[in-house]
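Chain letters run A, B, ... following the sequence lines, proteins first, then strands; residues in each count from 1.
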Amino acid sequence: GQNIDQPTEMTATEGAIVQINCTYQTSGFNGLFWYQQHAGEAPTFLSYNVLDGLEEKGRFSSFLSRSKGYSYLLLKELQMKDSASYLCAVRDRDYKLSFGAGTTVTVRA
Amino acid sequence: IAGITQAPTSQILAAGRRMTLRCTQDMRHNAMYWYRQDLGLGLRLIHYSNTAGTTGKGEVPDGYSVSRANTDDFPLTLASAVPSQTSVYFCASSDLAGGGDTQYFGPGTRLTVL
């Protein structure tokens, strides 16, 4: 099974940077995903890491260390529309995802 | 527009009633999934199907059943609803056969069991 931990809430100022950490314990790691979910909406895909290192996509970057069971999502140049929940998910060898409880990010003006 | 649709959008149901949540995708993805999302618990996998004609149990399958008669449809049935099944239900799909890594989610069904 999977045990996935991420902070419950984070608050940051518009234009700032926020880093959301995710730690996991897994019986069969096959990739880590980050999803964004605005209130009342469906999760949408942000990033995917299967190898160690940093993946950058515009203002969003995701990092993975498989040996440490650790990932982070970095949000740069925060905008009000980035206020949302961010979900860390670990995929197993059967291609099933296990999700963390999510981190609610609030961006303040 | 390609994607995943779910019906109904929301439903209030009396305990003990039978209910089927519908999910249809037009992306020809071979794999489909049902999750429930509860406050503080995140998304939990109920059932999944890696290809038409096959299904599997996820983390919280009790009280739910699924079928996968064709590629596009993946209905979730609650045979006799209980209040603990009050939740938001999301259907998702992915293109496992094509090497796709990403699960795409439908808009969700908000179910209240009284």
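- Between A:Phe63 and A:Tyr72, the gap from one ring centroid to the other is short of 6.0 Å.
- The 12-atom threshold is not exceeded at CD of A:Glu77, counting heavy atoms of other residues, nucleotides or ligands nearer than 6.0 Å.
- For the 3.5 Å distance criterion, the side chains of B:Thr24 and B:Asp73 qualify, holding a donor opposite an acceptor.
- Within the 4.5 angstrom heavy-atom criterion, only side-chain atoms of B:Gln37, from C-beta onward, approach chain A.
- Not a single donor-acceptor pair under 3.5 Å links the side chain of B:Thr71 to the backbone N or O of B:Arg28.
- Your options are A:Gly40, A:Gly102, A:Pro43, and the one with the most heavy-atom pairs under 4.5 Å with chain B is A:Pro43.
- Only the side chain of B:Leu45 has a heavy atom closer than 4.5 Å to any heavy atom of chain A.
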